[in-house]
Amino acid sequence: MVKLYRTGNGCVAERNGEARRLPAFSFDKLFRLSDPAGAVDEAWEKGEPCGAPAPERSAFSPPLESQEVWAAGVTYFRSREARMEESESTGGDVFYDLVYEAERPELFFKATARRVRGHLEGIRVRSDSTWDVPEPELTLALNPDGRIFGFTVGNDVSSRSIEGENPLYLPQAKVYRGSCALGPCLSVGGSLPAQTGIHLIIRREGNIAFEGSTALDQLKRPLEELAAFLFRENEFPDGALLMTGTGVVPSSGFSLRSGDEVVISIDGIGTLRNTVE
């Protein structure tokens, strides 16, 4: 796989420990191609050797330009449990039980490109929410044909109190400034093993406040199925990114606070770090 980092000085690609700067590289052009992986290989051959990206100390812009970000919900059993828990008092828990077993997945719009935060940029929780969590998610890069050509790490920050109050409030619980982060790179080419791990650590005042992990083999639906439903009766001429749901949800006693550091790692892709503003 080739990892593409969007820096302030253009795109830097990394493969097998070697890094190259890709002059005039465009994420928009990449997403619009029928063979994005082939185009990345060609760009790599023309790239200029440079220093390797350093995600541990360098911020990166999110790996997109004009693409919309969408998300799937209740795709892991743990997510089903959490959604039912938060909405039980209002009677909405039955909807989450039904969608977990249904043929049609839950899909919702998450963010326009300008609302997406990158690696080491700040994320936010809503001021009118009392219960907020990060949601670590494998995120798919899709071309206009709906074909998966790459992967990145996603954080679907959510208000559990607003969503639990009424399922119709889902857009307010999910779509607001600073609620979506992607990065640190876009990994193009190849596929991910079913045992790929997704890991979440939340640090508060230097201490671990929450830690949890899951794996792709816990995902109820195939990745291709989620992509196919997103593109059913819809079109994305610039391509799209699709978050695939979370299997790691902090317990009901935990809520994000200002200053918390959220660290999400996916094996084979990288680690996305954000601090709550």
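- More than 12 heavy-atom neighbours from other residues, nucleotides or ligands sit within 6.0 angstrom of CD on E48.
- Although no hydrogens or angles enter the test, the distance criterion places a donor-acceptor pair under 3.5 Å between the side chain of K3 and the main chain of I269.
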I would like to know whether I264 and E137 meet side chain to side chain contact (heavy atoms under 4.5 Å, CB included); could you show each step before the answer? CA-CA 8 Å; I264 301 173; E137 308 193 17; over 6 Å; no

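- Residues Y76 and F229 are members of one and the same hydrophobic cluster, defined by side-chain heavy-atom contacts under 4.5 angstrom among Ile, Leu, Val, Met, Phe, Trp and Tyr.
- One hydrophobic cluster holds both L226 and I266 under the rule that ILVMFWY side chains link at heavy-atom gaps under 4.5 Å.
- Residue M243 holds its CE atom at 12.0 Å from OG1 of T75, rounded to the nearest 0.5 Å.
- With hydrogens and angles disregarded, no donor-acceptor distance shorter than 3.5 Å links the side chain of K220 to the backbone of E101.
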Show the numbers, then the answer: is there a side chain to side chain contact (heavy atoms under 4.5 Å, CB included) between R160 and V249? CA-CA 11 Å; R160 293 187 67 181; V249 183; 3.4 Å; yes

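- Inter-residue side-chain proximity for E18 and W44 is flagged as met; some heavy-atom pair is nearer than 4.5 Å.
- The SG atom of C180 sits 8.0 Å away from the CG atom of N155 when rounded to the nearest 0.5 Å.
- For the pair F151 and L140, the minimum side-chain heavy-atom distance is below 4.5 Å.
- Other residues, nucleotides and ligands contribute more than 12 heavy atoms inside 6.0 Å of the CD atom of E56.
- Electrostatic pairing of D260 and R203 does not count as a salt bridge here, judged by no charged N lying under 4.0 Å from a carboxylate O.
- Relative ring orientation between F60 and Y5 is described as tilted, the plane-to-plane angle lying within the 30° to 60° band.
- Taking CD from E211 and NE2 from H199, the interatomic distance works out to 10.0 Å, rounded to the nearest 0.5 Å.
- Atom CG of residue L182 and atom NE2 of residue H119 lie 13.0 Å apart, to the nearest 0.5 angstrom.
- Put simply, L216 and L186 are part of two different groups of oily side chains (I, L, V, M, F, W, Y) that touch within less than 4.5 Å, one to the next.
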If you apply the rule side chain to side chain contact (heavy atoms under 4.5 Å, CB included), what do you find for T7 with R21, and how did you get there? CA-CA 10 Å; T7 77; R21 191 171 302 282; 4.0 Å; yes

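- Rounded to the nearest 0.5 angstrom, D35 CG and L30 CG are separated by 10.0 Å.
- By the neighbour-count criterion of 12 heavy atoms within 6.0 Å, atom CZ of R115 is sparsely surrounded, having that number or fewer from other residues, nucleotides or ligands.
- The main-chain N or O of D132 is never found under 3.5 Å from a side-chain atom of S129 such that the two would form a donor-acceptor pair.
- Of all non-hydrogen atoms in V116 and E121, the two that sit nearest each other are O-OE1, 4.5 Å.
- L200 places none of its side-chain heavy atoms less than 4.5 Å from the side chain of T246.
- By the rule that hydrophobic residues join a cluster once side-chain heavy atoms approach within less than 4.5 Å of another member, F109 and L107 end up as members of one cluster.
- Side chains of R177 and E277 form no contact here, defined as non-hydrogen atoms less than 4.5 Å apart.
- Remark: the backbone N or O of R147 is not paired with any side-chain donor or acceptor of D145 at under 3.5 angstrom.
- In this structure the side chain of E261 never reaches within 4.5 angstrom of the side chain of I201, judged on heavy atoms.
- Taking the six-membered ring where the residue is Trp, F149 and F31 present perpendicular rings, their angle passing 60° and hence far from 30°.
- A donor-acceptor contact shorter than 3.5 Å links the side chain of E65 to the backbone of F27.
- When only modelled atom types and interatomic distance are considered, T152 and T139 share no side-chain donor-acceptor pair under 3.5 Å.
- Counting all heavy atoms, side chain and backbone alike, V188 lies closest to V40 at CG1-CG2, 4.0 Å.
- For the residue pair Q195 and A215, the shortest heavy atom distance occurs at O-CB, 4.0 Å.
- At least one side-chain heavy atom of P62 sits less than 4.5 Å from a side-chain heavy atom of R6.
- V12 approaches G51 most closely through the heavy-atom pair CG1-O, 4.4 Å.
- The residue from V262, V153, V263 that alone fulfils the side-chain contact (heavy atoms from CB on, under 4.5 Å) condition with R273 is V263.
- Here the side chain of S66 pairs no donor or acceptor atom with the backbone of D28 at under 3.5 angstrom.
- Between K174 and E135, at least one side-chain nitrogen of the basic residue sits less than 4.0 Å from a carboxylate oxygen of the acidic one, meeting the salt-bridge criterion.
- F236 and F231 have tilted rings, their planes meeting at an angle from 30° to 60° on a 0 to 90° scale.
- The shortest distance between side-chain heavy atoms of Y169 and S159 does not fall below 4.5 Å.
- By the 6.0 Å contact criterion, CZ on F108 is enclosed, its count of non-hydrogen atoms from other residues, nucleotides or ligands being greater than 12.
- The same ILVMFWY cluster, assembled from side-chain heavy atoms under 4.5 Å apart, contains both F210 and I198.
- Between L138 and T196, every side-chain heavy-atom pair lies at or beyond the 4.5 Å cut-off.
- Counting only distance, with no hydrogens or angles, the side chain of S161 and the backbone of T130 share a donor-acceptor pair below 3.5 Å.
- Nearest heavy atoms, P134 versus P136: O-CD, 3.9 Å.
- Scanning all heavy atoms of the two residues, the minimum distance from L33 to A39 falls at CD1-CB, 3.3 Å.
- Considering CZ of R117 and CG of N274, their distance stands at 9.0 Å, rounded to 0.5 Å.
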